[in-house]
Number of protein chains: 2
Amino acid sequence: MREVLDTAIEVMAEEGVAALSLSEVARRMGMRPPSLYQYFPSKMAIYDALFERGMRQMGEVLKPHLSGLAEDPRSAIAAGQTAMISWVMANPVLAQLLYWRPVPGFEPSPNAFEPAVQQLESLRNALQAAVDAGQLAPDAVSEEGVALFTVLFSGVISQQLSNEPSTSADKGRFTRLTPTALDMFFRYYTPTGGQDR
Amino acid sequence: MREVLDTAIEVMAEEGVAALSLSEVARRMGMRPPSLYQYFPSKMAIYDALFERGMRQMGEVLKPHLSGLAEDPRSAIAAGQTAMISWVMANPVLAQLLYWRPVPGFEPSPNAFEPAVQQLESLRNALQAAVDAGQLAPDAVSEEGVALFTVLFSGVISQQLSNEPSTSADKGRFTRLTPTALDMFFRYYTPTGGQDR
DNA sequence: GTCTATACGTAGATAGAC
DNA sequence: GTCTATCTACGTATAGAC
């Protein structure tokens, strides 16, 4: 199953995300197309497995930075976002699957989508930690604040993927704006000067 | 040609942007597929024409708001962005073509892309007007400032299109953030308190 | 677990008649 | 300008043998 998914990513990288073909995957694996049905019941199931893999990998990338939340939330958030953006540019195919809707008829199953829900929860926690540390105003964890945060990073990713898909995160015209975007967010939700205690 | 493009949009709306089929278009027009080749030399040419149409429509949407730049640039920019976002949600299919890369192998021709260049120029002019009016710091028209602005709005659009594709602009969870996003941008580039004269 | 054979459907594009 | 006929190619998926 691993090899099928790896090969599928390879094919998508060359032909386009929506142009994945099971026959081509089988060809590259030295098999016949019907054999793939031993591992996945349909093409959509492969997309779904790829979606889930992408989400899980993003989760893994984020995880090591969560521990830093206790000490300096803002730095931890920055580090986490930077790491995620790096992953995106190293895995543009999976990123397209996660951030866009490139495949007609494909919608991730609830199962594949679950890690995404957890990540949103992590984000909320992270922002809350920053609020508690006095680095952000309480509004930052409102529905609006969280949505605004996701807008910023989905914007960076979308612009980079559509305008310069084949760059590394540190060189991309848009991915390099990650720290600036973060700065903008933190300034917008600057805590009011009022005393905490 | 108009009818071909209209029908193509219809098909894409139902089957997905990447699943456009000339046969289906011909079928709906009561024609045979070869007849379409009288109007467009290939499928990619149709995508290209659609891309150009989308870009031009966006330009038209923006145009009436450019005149307001002389008086109150910030309001004009806000009105223009709001109008564009409305257009996007009313034309999600074309928007996907403009903002994402959903079609394997399709890249807009320089000709189709030209209106996009003009729009970036308009944006630059608009931001410059706001700087001149003392509503924005000069940095806002730097490469970084302009890119950051596009990131904000491509983020709103991407999040909305992938999470709630079938909503109107005034109801979308993300499109409703348009004014807030603008506010964030303007605050980030607040002119320094120094005297102008 | 992999295969052959096959059903079944689709597509984009061209040649050449009318 | 539209058609028929055709080329050429590809795809997903299933049945059933080994």
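Remember, predicted model here, so these are calculated numbers, not experimental data. Naming convention: chains lettered A, B, ... in sequence-line order (proteins, then strands); numbering from 1 in each chain. These numbers come from the heavy atoms of this one structure, side chains and all, not from hydrogens, waters or symmetry mates.
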Could you please name the option among dT4(C), dT2(C), dT12(D) that lies closest to any side-chain atom of R32(A)? dT4(C)
Please list, in numerical order, the residues of residues 39-52 of chain B that have a heavy atom closer than 4.0 Å to any atom of DNA chain C. S42(B), K43(B)
Protein-nucleic acid N or O pairs under 3.5 Å, nucleotides 15-18 of chain C:
none

Side-chain donor-acceptor contact under 3.5 Å, E15(B) with S21(B): no
N111(B) and S109(B): side chain donor to acceptor below 3.5 Å: no
Is atom CZ of R28(B) surrounded by more than 12 heavy atoms (other residues, nucleotides or ligands) closer than 6.0 Å? yes
Are the aromatic rings of F149(B) and F153(B) close, with centres under 6.0 Å apart? yes
Contact residues, residues 105-112 of chain A to DNA chain C [heavy atom, < 4.0 Å]: none
Over all strands shown, is S35(B) touching base, sugar-phosphate only, or nothing at heavy-atom distances under 4.0 angstrom? base
Scan S23(A) against the nucleic acid and name what it touches under 4.0 Å (heavy atoms): base, sugar-phosphate only, or nothing. base
Would you please confirm or rule out a distance under 4.0 Å between OP1 or OP2 of dA11(C) and any side-chain N or O of R27(B)? yes
Would you find a donor on one side and an acceptor on the other, under 3.5 Å apart, between the side chain of Q81(B) and the backbone of I85(B)? no
